[in-house]
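Worksheet: the structure to be examined is printed underneath.
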Amino acid sequence: EGREEALRIEIGGPAGAEGDLRLARVSGQLVEIRTELATALGRAPEEWRSRSWASLEVFQVDRLEVRDATGETVFERDGGEWLRDGAPVQYEPVSELLYALTGVEADSAMPAAGAHGEPILTLVLSGDEGERRESLSLFAATDAGASPARVDGREVTLVLGEGAVADLLLKLAEARSAAEPSPDDGELEPLGED
């Protein structure tokens, strides 16, 4: 970032007998580094694709819009609380949904080819006060049980395993049906006189 010319990194052989250090040249300067870069670059380029479905981290998500056959639900952060369609909702189920969503790793990634029909689930995550936004689509499972998934603007189809999808859908159902927080949620119990 901020460079007009490419940064050239040359990876050499082991720097010592133990093999955990490698020789490298970065912009003409010889250094010793610990890196898995040579191993990563040894893989086929198709394997370099990220298998993460969401790029935002849990703490970055301020708003989550959910659309599926049951309708639309909007979860929005309000300070240290979550609102579901404008009303306060228990924090934990929404947090668990976001952890499940941002932690989804695809079993594989392939070039975006072919139509998958209409998505069965669309999730729009927003963060940084709307500055960052990504739309995720989940499609019906194939006969093998895996579900194709897409991210708007990314030319790849992710293949999500049956277990990851089931966990995500369970967490979504729990967040949608979570009760409003009770008035004493978060209050500390008074200490005894001792």
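Nothing fancy with the numbering, it's 1 onward along the sequence.
When atom types are taken as modelled, the side chain of Arg25 and the backbone of Val31 share no donor-acceptor pair closer than 3.5 angstrom. Side-chain N or O atoms of Gln60 include one that pairs as donor or acceptor with a backbone N or O of Glu57 at under 3.5 Å. Arg150 contributes a side-chain N or O that, together with a main-chain N or O of Val156, makes up a donor-acceptor pair within less than 3.5 Å.
Atom CG of residue Asp62 and atom CZ of residue Arg133 lie 12.5 Å apart, to the nearest 0.5 angstrom. A distance of 5.0 Å separates CG in Leu138 from OG in Ser147, rounded to the nearest 0.5 Å. Taken from CG in Leu83 to CG in Asp78, the straight-line distance is 4.5 Å, to the nearest 0.5 Å. Atom CD1 of Ile33 and atom CG of Leu21 lie 9.0 Å apart (nearest 0.5 Å).
No more than 12 heavy-atom neighbours from other residues, nucleotides or ligands sit within 6.0 angstrom of CD on Glu4. For Glu92, the CD atom is loosely surrounded, since the number of other residues' heavy atoms within 6.0 Å does not exceed 12. By the neighbour-count criterion of 12 heavy atoms within 6.0 Å, atom CD of Glu72 is densely surrounded, having more than that number from other residues, nucleotides or ligands.
The two atoms that bring Leu158 and Ala109 nearest to each other are CD2-CB, 3.7 Å, heavy atoms only. Scanning all heavy atoms of the two residues, the minimum distance from Gly161 to Asp107 falls at CA-OD2, 3.3 Å. The heavy-atom pair separating Ala175 from Arg84 by the smallest distance is O-NH1, 3.0 Å. Residues Ala54 and Thr102 share a closest heavy-atom pair of CB-CA, 4.2 Å. Across all their heavy atoms, Val89 and Ala178 have their closest contact at CG2-CB, 3.6 Å. Nearest approach of Phe59 to Arg77, heavy atoms of both residues: O-NH2, 4.1 Å.
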TODO: Tell me, with the steps shown, if Trp53 and Leu123 meet side-chain contact (heavy atoms from CB on, under 4.5 Å).
DONE: CA-CA 11 Å; Trp53 193 22; Leu123 304 156; 3.9 Å; yes
TODO: In sequence, state the C-alpha distance, the side-chain angles, and the governing distance for Asp68 and Ile120, and then conclude on side-chain contact (heavy atoms from CB on, under 4.5 Å).
DONE: CA-CA 6 Å; Asp68 62 8; Ile120 60 168; over 6 Å; no
- [ ] Decide side-chain contact (heavy atoms from CB on, under 4.5 Å) for Glu134 and Asp152; before the verdict, give the C-alpha distance in whole Å, the side-chain angles of both, and the deciding distance to 0.1 Å.
- [x] CA-CA 7 Å; Glu134 60 186 353; Asp152 280 0; over 6 Å; no
Open item on the list: If you apply the rule side-chain contact (heavy atoms from CB on, under 4.5 Å), what do you find for Leu160 with Val104, and how did you get there?
Closed with: CA-CA 8 Å; Leu160 305 185; Val104 169; 3.6 Å; yes
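At a threshold of 4.5 Å between non-hydrogen side-chain atoms, the residues Leu136 and Leu101 count as touching. Between Arg3 and Ser27 there is a side-chain heavy-atom pair separated by less than 4.5 Å. Side-chain contact check for Leu168 versus Leu97: some heavy-atom pair is nearer than 4.5 Å. Residues Ile11 and Arg22 form a side-chain contact, since some pair of their non-hydrogen atoms from C-beta on lies under 4.5 Å apart. Residues Thr157 and Pro148 have side chains in contact (heavy-atom distance under 4.5 Å, counting atoms from C-beta outward).
With salt bridges taken as basic N to acidic carboxylate O contacts below 4.0 Å, one links Arg63 and Glu65.
Considering Asp85, Leu64, Leu98 in turn, Leu64 is the only one that fulfils the side-chain contact (heavy atoms from CB on, under 4.5 Å) rule with Phe75.
Both Val94 and Tyr91 are part of a single hydrophobic cluster, where members link through side-chain heavy atoms under 4.5 Å apart.
For the residue pair Arg176/Thr70, the side-chain donor-acceptor check at 3.5 Å is satisfied. Side-chain contact, Glu105 with Ser52: a donor N or O sits under 3.5 Å from an acceptor N or O.
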